[in-house]
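Written below as structure tokens is the structure these notes are about.
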Amino acid sequence: MKNVKAIYPGTFDPLTNGHLDLIERGSKIVDELVVAILRNSDKGAPLFSVAERQEMISQSVKRFENVSVMTFDGLLVDFARSQGAKAVLRGIRAITDYEYEFPMAMMNRKLDPNLETLFMMPTEQYTYVSSRLIKGVFKLGGDVSELVPPLVMQQMKAKLPAKS
Ligand code: PNS
């Protein structure tokens with residue numbers, strides 16, 4: 001691929017090791033990768049603010065020279081165009097992801113036929129990991145420390161109400 005800038009969009013509430021694995025894989029095949037956090041997500045009350053997520057992701061991707069972290073609002077195709085990106089990177093873990101991703105990819109193609117969606121699979125180790133599951137298990141006292149970056153784990157613990 002020649003001089004390709006790609007956007008890796010998502011909610012990232014929080015960043016998981018699955019996301020990080022995909023960022024690493026993506027950074028090896030494109031020239032520039034922008035991790036883009038959606039600001040106006042309709043997923044309900046987030047665990048982390050967008051600023052907190054941006055900071056945690058920035059710290060976690062420091063070692064990848066061609067990866068940056070931004071936030072966006074509105075249509076992904078508009079953001080991609082404003083960044084001069086030719087591709088969108090998304091992860092596919094299981095067939096259920098395909099059902100969620102396919103209409104989004106087709107809609108994005110309808111809105112901008114020049115923007116390609118690239119799908120990559122994270123390592124098998126993380127195929128069941130999602131931000132939603134991480135939050136749910138953590139809130140119930142489960143150990144998710146092997147599934148998120150250390151900084152994210154630390155910040156999640158800091159969100160727990162102080163024990164009296
Ligand atoms: O982490 P997520 O929730 O799976 O990411 C979803 C995301 C951010 C990729 C998607 O909701 C998105 O692109 N939203 C921006 C609005 C948009 O462009 N919608 C039309 C594409 S279907």
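Hydrogens, waters and symmetry mates play no part in the numbers below; they use all other heavy atoms, side chains included. Throughout, numbering of the chain's residues begins at 1 and tracks the sequence. We count ligands from 1, going down the list as the structure has it; atoms in each ligand are counted the same way.
A salt bridge is absent between Arg132 and Asp13; no separation between the charged side-chain nitrogens and carboxylate oxygens falls under 4.0 Å. Ion pairing of Arg81 with Asp112 is present here, as a side-chain N (NZ or NE/NH1/NH2) and a carboxylate O approach within less than 4.0 Å.
Linking ILVMFWY side-chain heavy atoms closer than 4.5 Å, directly or via other members, places Leu15 and Met120 in a single hydrophobic cluster. Transitive grouping of hydrophobic side chains (ILVMFWY, heavy atoms separated by less than 4.5 Å) brings Val144 and Met56 into a common cluster.
Looking at Arg93 and Thr127, their side chains never bring a donor and an acceptor atom within 3.5 Å of each other. Judged by distance alone, the side chains of Asp143 and Ser145 do bring a donor and an acceptor atom under 3.5 Å apart.
Among all protein heavy atoms, the one lying closest to atom 9 (C) of ligand 1 is Arg90 NH1, 3.4 Å. What sits closest to atom 15 (C) of ligand 1 on the protein, heavy atoms only, is Gly74 O, 3.5 Å. Among all non-hydrogen protein atoms, the one lying nearest atom 18 (O) of ligand 1 is Leu76 N, 2.8 Å. Atom 3 (O) of ligand 1 has its closest protein heavy atom at Lys43 NZ, 2.6 Å. The nearest heavy-atom contact from the protein to atom 19 (N) of ligand 1 is Leu75 CD2, 4.0 Å. In terms of protein heavy-atom proximity, atom 1 (O) of ligand 1 is nearest to Thr11 N, 2.9 Å. Scanning the protein for heavy atoms near atom 10 (C) of ligand 1, the closest one is Met104 SD, 3.9 Å. Of the protein's non-hydrogen atoms, Asn108 OD1, 3.2 Å is the one closest to atom 21 (C) of ligand 1.
Within the model, atoms CG of Asn108 and CG of Leu76 stand 5.0 Å from one another, a figure rounded to the nearest 0.5 Å.
Across every non-hydrogen atom of Leu38 and Arg53, the tightest pair is O-NH1, 4.3 Å.
At least one heavy atom of Tyr100 sits closer than 4.0 Å to an atom of ligand 1. By the 4.0 Å heavy-atom criterion, Pro103 is excluded from the residues contacting ligand 1.
Taking only non-hydrogen atoms, the option from Leu38, Val88, Leu111, Asp97 nearest to atom 8 (C) of ligand 1 is Leu38.
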